[in-house]
Structure formats: C-alpha cells, structure tokens
S.K.: 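Dumping the structure here so I can ask a few things about it.
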Amino acid sequence: MSMIHTAEILCVGTELLLGDIVNTNAAFLSQQLAELGIAVYRHTVVGDNPARLEAALCAALRDADLVITSGGLGPTYDDLTKETVAAHFGRSMYMDEHSLSRIEAYFHRTGRVMTDNNRKQAMMPVGACVFDNDYGTAPALALCDETKNKTAIMLPGPPSELIPLFRDKVLPYLQERRETVIESRNVYLFGIGESALETRLGTLLQDAVNPSVAPYCKEGEVRLRVTARAADSQTALSMCDGMIDRLMGEVGEYIYGVDVGDLEHAVIDSLHRTGLTLACAESCTGGLIAKRLTDVPGGSDVFLGGCVTYTNEIKKRLLGVREDTLCRYSAVSEQTAREMAEGVRARLGADVGVATTGIAGPGGGTEQIPVGTVYVAISTKDGTEVRHLSLSPNRSRTYIRHVAASHAFDMILQYEKKQK
C-alpha cells in the first residue's frame with residue numbers, strides 16, 4: 001500500500017484562471033490534508049488544456065506522494081483529467097458498468113434526458129478505486145502506482161460535490177495511508193501585534209519544529225497555530241499542550257483562549273462560567289457588539305440586550321447620560337462612555353455593562369477629536385473603567401468599529417479573569 005506524506009493540490013478549469021469562479025476547493029483540501037498529517041507542498045491551477053495539465057501533473061508527482069485534482073471530470077470534450085492521469089500512469093480506460101448504471105439512475109431520478117456524452121463520466125482507468133458520487137454524476141476516483149509510491153485522487157469541481165465526497169469517501173481512504181498524525185491547537189491573543197509578539201517570544205517561533213508555532217493575524221488580533229506530528233493523536237495533542245504552557249508563561253496576559261474561535265465566543269463562554277449577565281450601549285459601533293454576541297449560539301442565556309444610542313438625545317433619554325456631560329465633554333469622551341456603560345447596566349439590570357463612543361470616520365473628526373478616537377467603558381459592581389483608543393485615521397470605518405467592539409470584549413474578559 002502506498003504511504004502518503006506529501007501532497008499537491010491541482011485544480012483544473014479555465015474558469016478558475018479567468019476569475020469567473022473563486023477557488024475555494026484548494027483551501028478546503030489543504031485544511032483536510034493538514035489534519036491528516038499530510039504536508040501540502042503546492043497549489044496549482046491549470047486550464048482545460050491536456051498538454052499543460054500533463055506538465056502540471058508531472059511536476060506535482062515528481063515532488064509529492066499524492067496529487068489531488070478537482071475539476072475536469074465532466075462529460076464535455078475539454079474534461080480530460082481522468083484521461084490525462086490515466087496516460088501518465090500508463091493505464092487504459094474501460095467502461096465501468098456500475099458507474100454507468102448510477103449515472104443513468106441519476107438522470108432518471110431527476111427527470112432529465114441523459115445524452116451520450118454523459119457515458120464519458122463512467123469511463124475509468126484500469127485499476128482505479130472508484131468512489132460513488134451521491135451528489136452529482138461524476139464519480140471520484142483514486143489511481144496508485146505502488147512501485148513509485150505515487151497516488152492521484154480525482155474529484156469533481158463543484159464544492160457541493162467535492163466536499164461531501166472527500167469527507168465521506170476519500171478521507172477514510174487516506175486515513176489508511178498515513179504513518180503519522182498531525183494535531184493542531186489554536187491560541188488566540190488580543191492586545192499585542194505580530195511584531196511585538198515575535199519580539200516577546202524571541203526565537204521560539206523560529207526554533208519550534210515539532211510542535212511548530214505559526215502566527216496568523218486578523219483585525220486587532222493574533223492567532224498562534226500550534227501543530228505537532230506524532231504516531232497517535234493523544235501524543236500529538238500532549239506535545240501541543242506542552243508548547244501552549246510555554247506560550248502561557250511568555251505572553252499569557254494577552255491570551256484570551258485556546259481553540260475558542262474568536263473573542264465573542266470567548267466572552268459568551270466566560271459569562272456562562274461566571275454566571276454574569278451583560279448589556280451594551282453602542283454609539284460608534286452601531287450595534288456591532290450586539291450582532292457579534294448574538295451570532296454565538298446560547299448567547300441569550302447571558303446577553304440581555306443592548307441600545308444603539310447614536311444621537312445625544314437618545315443617549316440622554318435611554319441611558320441617562322447627563323446634559324452637562326455632553327455639553328462640557330462632548331459625546332466622544334471618557335465621561336460620556338462612563339455614563340453610557342453605567343446607564344445601560346442599571347436600566348437593563350445586567351451584572352456588566354459595556355459602552356462605545358467615538359469617531360469611526362471617514363469624516364466627522366476634528367483636530368481635538370480625530371477620526372479613530374474611541375472610548376470603551378465597562379461598568380460592574382466594582383466600578384467603571386474606560387479605555388481610550390487612538391486608532392489610525394487611515395484605517396477603514398469597518399476596521400475601527402470592529403476593533404472598538406473587540407476592545408469591549410477584551411475588557412469583559414479581563415474583568416472576569418480578576419474574578420477567578
């Protein structure tokens with residue numbers, strides 16, 4: 001049996017090169033192979049041209065044990081993936097009667113007329129392992145050269161077929177052909193940038209091999225993916241946990257969770273653990289805090305609700321922000337944020353109240369209060385704290401609003417840490 005350690009993903013279709021279709025298949029397959037412990041060397045996209053496909057296939061199988069193709073299994077003249085792979089492996093084609101009967105049944109079941117060119121989809125290379133397609137007409141298949149330890153797996157292009165076919169049929173096939181297991185855990189950090197994090201961790205990121213540590217950035221956050229390779233899952237996960245302990249020792253104050261997904265999930269989980277309830281008052285974030293919290297299933301158990309108080313009049317009427325505060329300090333101020341958080345906490349009867357007020361841009365800023373100025377407040381039984389943000393005025397309105405909401409979540413998590 002051919003053992004697989006390395007792979008290349010080869011996506012076939014001129015429409016991919018033209019940008020008519022976004023290539024989501026490569027991302028899905030890479031993720032699935034990584035979880036199997038199979039290292040992906042390269043992604044390649046090639047048009048519906050047999051000579052170019054053959055060249056790409058030769059390069060892929062020269063460098064990797066496995067090539068997974070997507071697309072080119074249809075009934076038309078330019079669908080040549082199977083034929084090209086079969087020629088590369090020196091195999092002739094034959095009519096697979098089982099596949100043909102399934103294709104005929106598919107057309108009969110859907111009330112469509114089957115044309116002669118659909119029979120082409122049932123033609124298979126000699127020696128292929130055929131995977132029935134329950135979601136379309138083109139079967140998937142695998143072809144192996146045991147003497148050279150080379151395998152090609154061919155999948156249909158539509159994600160609605162490729163994804164379930166891979167999970168249901170190809171995944172078990174590959175699980176039998178791996179010698180090691182890869183496990184990964186994700187460590188989520190907020191309040192430190194990638195460059196500052198690298199400085200804090202020194203050479204740990206570069207020196208870590210097994211387990212490895214890879215940073216990924218998104219808006220205002222960093223994710224560290226810790227990945228270990230071992231003979232079994234338990235050993236690999238134990239190796240990951242050891243590395244996570246090291247990271248906790250170095251930058252634990254910025255870590256808000258492991259395998260939590262995002263800040264809003266971490267907040268909801270933490271509120272469930274502590275038994276606290278939350279309410280929010282939003283100005284510049286315009287309901288984004290509430291939206292992100294209500295995206296999390298089970299959030300209604302701990303998130304009571306919120307107010308979008310965009311105008312001064314509504315701040316006064318709904319939250320009890322004082323006229324004097326707005327006149328003396330303006331709506332975008334530490335004092336207003338403080339009263340907003342305290343007001344929503346009192347009026348909704350929550351244990352925790354958070355509030356945001358600021359200038360998200362692109363207009364509306366002044367020399368005294370430039371775009372990117374945001375105040376985020378949290379009110380609890382222990383008092384009220386306000387965080388002043390000076391975000392870049394060159395960043396988008398969406399970015400400023402997102403990061404402001406994330407700071408509100410971070411303040412909630414920091415408060416709940418102190419309660420332990």
Side-chain angles (χ1 to χ4, degrees), residues 1-13 16 23 25-74 79-94 96 99 120-133 138-157 161-163 165-182 229 231:
M1 180 185 295
S2 295
M3 303 307 296
I4 296 169
H5 303 91
T6 59
E8 177 167 334
I9 296 167
L10 177 55
C11 298
V12 183
L16 295 171
N23 185 10
N25 288 339
F28 168 77
L29 292 170
S30 282
Q31 183 183 47
Q32 295 295 309
L33 292 172
E35 292 177 1
L36 285 169
I38 298 172
V40 177
Y41 276 8
R42 194 163 52 211
H43 290 182
T44 301
V45 178
V46 65
D48 299 303
N49 179 289
R52 294 171 194 161
L53 177 56
E54 167 63 15
L57 183 67
C58 287
L61 289 173
R62 180 191 65 226
D63 299 332
D65 307 321
L66 165 70
V67 60
I68 297 184
T69 69
S70 71
L73 301 183
D79 290 311
L80 298 170
T81 299
K82 278 185 301 185
E83 292 79 359
T84 304
V85 173
H88 180 87
F89 279 76
R91 308 290 178 87
S92 59
M93 304 288 287
Y94 76 101
D96 179 26
S99 295
K120 177 175 178 291
Q121 295 182 294
M123 294 294 293
M124 297 294 163
V126 172
C129 176
V130 180
F131 306 109
D132 291 339
N133 184 352
L141 62 149
L143 198 59
C144 294
D145 185 336
E146 300 288 354
T147 62
K148 297 180 180 178
N149 196 42
K150 300 294 181 181
T151 301
I153 293 175
M154 289 151 274
L155 296 167
E161 299 178 35
L162 181 145
I163 291 173
L165 258 172
F166 185 91
R167 287 178 171 158
D168 297 345
K169 308 290 177 65
V170 177
L171 190 58
Y173 176 88
L174 290 174
Q175 285 172 331
E176 297 177 357
R177 288 162 173 78
R178 59 177 183 169
E179 292 180 332
T180 58
V181 173
I182 279 186
R229 183 190 297 270

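None of these values were measured; they are calculated from a predicted model.
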S.K.: Go through the steps to decide whether Phe131 and Cys129 satisfy the test side chain to side chain contact (heavy atoms under 4.5 Å, CB included), and finish with yes or no.
M.R.: CA-CA 7 Å; Phe131 306 109; Cys129 176; 3.8 Å; yes
S.K.: Among Asp63, Thr6, Val67, Leu10, exactly one meets side-chain contact (heavy atoms from CB on, under 4.5 Å) together with Arg42. Which residue is that?
M.R.: Asp63
S.K.: I want to check something: taking the side chain as every heavy atom from C-beta on, are Glu54 and Cys58 in contact at a cut-off of under 4.5 Å?
M.R.: yes
S.K.: Give a yes or no on whether the backbone of Asp145 and the side-chain of Lys150 come within a donor-acceptor separation of less than 3.5 Å.
M.R.: no
S.K.: Do Asp65 side-chain atoms and Thr151 backbone N/O form a donor-acceptor pair below 3.5 Å?
M.R.: no
S.K.: Restricting to non-hydrogen atoms, name the atom on Ala7 and the atom on Leu33 that form the minimum distance, rounded to 0.1 Å.
M.R.: CB-CD1, 4.0 Å
S.K.: Considering non-hydrogen atoms only, spot the tightest contact between Gly71 and Thr81 and give its length.
M.R.: O-OG1, 2.9 Å
S.K.: Okay, side chain of Asn133, backbone of Ala138: is any donor-acceptor separation there less than 3.5 Å?
M.R.: yes
S.K.: Grab the two heavy atoms, one from Asn25 and one from Ser70, that are nearest each other, plus how far apart they are.
M.R.: ND2-OG, 3.8 Å
S.K.: What pair of heavy atoms forms the shortest contact from Phe166 to Leu155, and how long is it?
M.R.: CD1-CD1, 4.2 Å
S.K.: Is the closest basic N to carboxylate O distance between Lys120 and Asp79 below 4.0 Å?
M.R.: no
S.K.: Considering only heavy atoms from C-beta outward, does the side chain of Ile38 approach that of His5 to under 4.5 Å?
M.R.: no
S.K.: Between OG1 of Thr84 and CE of Met154, what distance do you get to the nearest 0.5 Å?
M.R.: 10.0 Å
S.K.: So, do Asp96 and Val130 sit near enough that their side-chain heavy atoms are less than 4.5 Å apart?
M.R.: yes
S.K.: Could you check whether any side-chain N or O of Arg177 sits under 3.5 Å from a backbone N or O of Ile4, counting only pairs where one atom can act as donor and the other as acceptor?
M.R.: no
S.K.: Just wondering, do Phe28 and Ile9 contact through their side chains at under 4.5 Å, heavy atoms?
M.R.: no
S.K.: Is it the case that the side chains of Gln121 and Ser99 hold a donor-acceptor pair, with the cut-off being a distance below 3.5 Å and no angle test?
M.R.: no
S.K.: With side chain to side chain contact (heavy atoms under 4.5 Å, CB included) as the test, would you mind laying out the steps for Thr44 and Glu8 before giving the verdict?
M.R.: CA-CA 8 Å; Thr44 301; Glu8 177 167 334; 2.6 Å; yes
S.K.: Go through it in stages, so that I can follow the logic: the residues are Arg91 and Leu143, the test is side chain to side chain contact (heavy atoms under 4.5 Å, CB included), and I'd like the CA-CA distance, side-chain angles, deciding distance and then a yes or no.
M.R.: CA-CA 9 Å; Arg91 308 290 178 87; Leu143 198 59; 3.3 Å; yes
S.K.: Could you give the distance from CG (Leu53) to CG (Asp48), rounded to the nearest 0.5 Å?
M.R.: 8.5 Å
S.K.: Report yes if some heavy atom in the side chain of Leu29 is under 4.5 Å from a heavy atom in the side chain of Leu162; otherwise report no.
M.R.: yes
S.K.: To the nearest 0.5 Å, tell me how far Phe89 CZ sits from Leu61 CG.
M.R.: 5.0 Å
S.K.: Decide yes or no for Leu57 and Val85: does some side-chain heavy atom of the first lie under 4.5 Å from some side-chain heavy atom of the second?
M.R.: yes
S.K.: For a quick test of reading the model, state the closest non-hydrogen atom pair linking Cys11 to Asn23 and the distance between them.
M.R.: SG-ND2, 3.5 Å
S.K.: Determine the minimum heavy-atom distance between Ile182 and Ala34, stating which atoms define it.
M.R.: CG2-O, 3.3 Å
S.K.: Tell me whether Tyr41 at atom OH has more than 12 heavy atoms from other residues, nucleotides or ligands lying less than 6.0 Å away.
M.R.: no
S.K.: Closer than 3.5 angstrom, by distance alone: can the side chain of Lys82 be matched with the main-chain N or O of Met124 as a donor-acceptor pair?
M.R.: no
S.K.: I want to check something: taking the side chain as every heavy atom from C-beta on, are Leu165 and Pro156 in contact at a cut-off of under 4.5 Å?
M.R.: yes
S.K.: What do the steps show when you test Leu174 against Leu66 for side chain to side chain contact (heavy atoms under 4.5 Å, CB included), and what is the final call?
M.R.: CA-CA 10 Å; Leu174 290 174; Leu66 165 70; 4.0 Å; yes
